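Below you'll find the structure, written out as structure tokens, and then a few comments.
Along the sequence shown, the residues carry numbers beginning at 1. It should be emphasised that the depicted structure is a prediction, and the values quoted were computed from it without experimental measurement. Just so you know, these numbers use all the heavy atoms, side chains as well, and skip hydrogens, waters and symmetry mates.
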Amino acid sequence: ESMRGLEVRRVLVRSELGEVKPTWDNGMSWTPLHPASAAPVTVALSAAGVSRTVSVMPGQLALPASGSPRQRALLARWQAAAPALWVGQEVPIVAAVVAPGAAPAAAPASPSSGAGAAAGPAATAPAARSSGGLKPSGAGTTWAPAWVRLSARWHPITMDYASKQDGSAAGPEESAWFSGALYKGDPFGGTGFGLGALVTLGDSPWQLDADLRRFATPVGADHSFPSWEAPEGTDFAAPDDLYDDEEETWTTAFWRIGARYRMPLASVEGLHGWGALGLAHEEALLFTWQDRAPAMTEVALWGARLGAGLSYERKRLFLDAGLAELLAPWPVATALDLDLEVAVLPQLAVRGGLDSTWRSMRFAVDDSEVAVGDQIHGVSLGLVYTLR
């Protein structure tokens, strides 16, 4: 009866503090210990209906390490800073074998010497090496969940804009323009870039989330005056025939910073639901009279950003989808974001994304009310630096 050759799906590490730490996908876990503790640490493994436990006293945590000289040097520095139990593929352990369905019984062992006498018949079980339980990162590529994500991305956008007001005291009655059409196969209306950060705060469910998007898009607005009527008996041209705006460029930046609270969804490993709250800044574009001609006028939007979504992380894959609303102070912008990351190295991932924002705003300009509606759609491609 040995666990040699069995794939260990889950390891639980228990300490005197009563904490149970399931392993990540790379088979690693940790648990805090008191330096003067006299209670053992219990490592419980189970696979294919067979259970095994290893009990180690705090004074017996000096275990031999395998790997390259550099890997062993890094491990030594880690253990010097925070003494740790390290079970690698080359570490022989003596432990009790527990029949399927029976409760595992802790069996004292001394991994550092490879010898240990456990009370009871089960102590005579043959020694075995851990098969993929806790694995040092140097022993192979590991994919623990990332606690820091820093992204930089190329971010072209498309934009569809329309504004309307009663009368023409503040500006043209109606203005409209568009640049590109993402969902019609033209995603390059304007160009831009984005920066982002997502940081998990230790073992807590809280995360810090920050994002900056800066873009420039061409503006060639058509202005119209539907309510205008030529004086009777004249052939005056309609005002919209008098304005042939040259194309301009609108450069703006959207940013946000806030916190996420996430909860695991037990039905799927690696799947979390999250809620978010933060501060956000955007800008809106109006057309008002300046020197008797329509001109672009920017208006800042500040407000709270509320959001919710799902994230899924499994080995190389990270998927994040969210829906958010900007309140400034009433609802003015609804945003949908979908991002996919695929790790190519433990500290580097390739990221692709799709985002859409629908905005509906009203502004008071002089004695007029201007209604503005626009849609901003973008695709992104970039790199992500991760810490695991």
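- Of all non-hydrogen atoms in Phe318 and Ser311, the two that sit nearest each other are CE1-CB, 4.2 Å.
- Remark: aromatic rings of Trp302 and Trp255 are close, center separation under 6.0 Å.
- For Arg213 and Asp337, the salt-bridge test passes: some basic side-chain N is under 4.0 Å from an acidic carboxylate O.
- We find that Arg262 and Asp320 are not joined by a salt bridge, their nearest charged nitrogen and carboxylate oxygen being 4.0 Å or further apart.
- Salt-bridge check for Arg305 with Glu325: failed, with every basic side-chain N at 4.0 Å or more from each acidic carboxylate O.
- A perpendicular orientation is assigned to the rings of Phe287 and His223, their planes being inclined by more than 60° (bins at 30° and 60°).
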Task: Worked check of side-chain hydrogen bond (donor to acceptor under 3.5 Å, both in side chains) between Glu283 and Thr252 - done: CA-CA 7 Å; Glu283 289 182 334; Thr252 186; 2.6 Å; yes

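- Going from atom CG of Leu271 over to atom OH of Tyr312 covers 8.0 Å, rounded to the nearest 0.5 Å.
- Annotation for Tyr161: atom OH counts as buried by contact number, over 12 foreign heavy atoms lying within 6.0 Å.
- Enclosure of atom CG in Asp186 by more than 12 non-hydrogen atoms of other residues, nucleotides or ligands within 6.0 angstrom is indicated.
- Taking the centre of each ring, Phe254 and His281 stay at or above the 6.0 Å mark.
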Task: Evaluation steps, side-chain contact (heavy atoms from CB on, under 4.5 Å), between His155 and Asp355 - done: CA-CA 10 Å; His155 199 154; Asp355 57 88; 2.8 Å; yes

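- Here the straight-line distance linking atom CG of Asp209 with atom CH2 of Trp274 works out to 7.0 Å at 0.5 Å rounding.
- The structure places CG of Asp339 at 7.0 Å from CZ of Arg153, a figure rounded to the nearest 0.5 Å.
- Taking a cutoff of 4.0 Å between a charged side-chain nitrogen and a carboxylate oxygen, Glu341 and Arg149 qualify as a salt bridge.
- Ring geometry, Trp206 versus Tyr261: the interplanar angle exceeds 60°, so the pair is classed perpendicular (tilted spans 30 to 60°).
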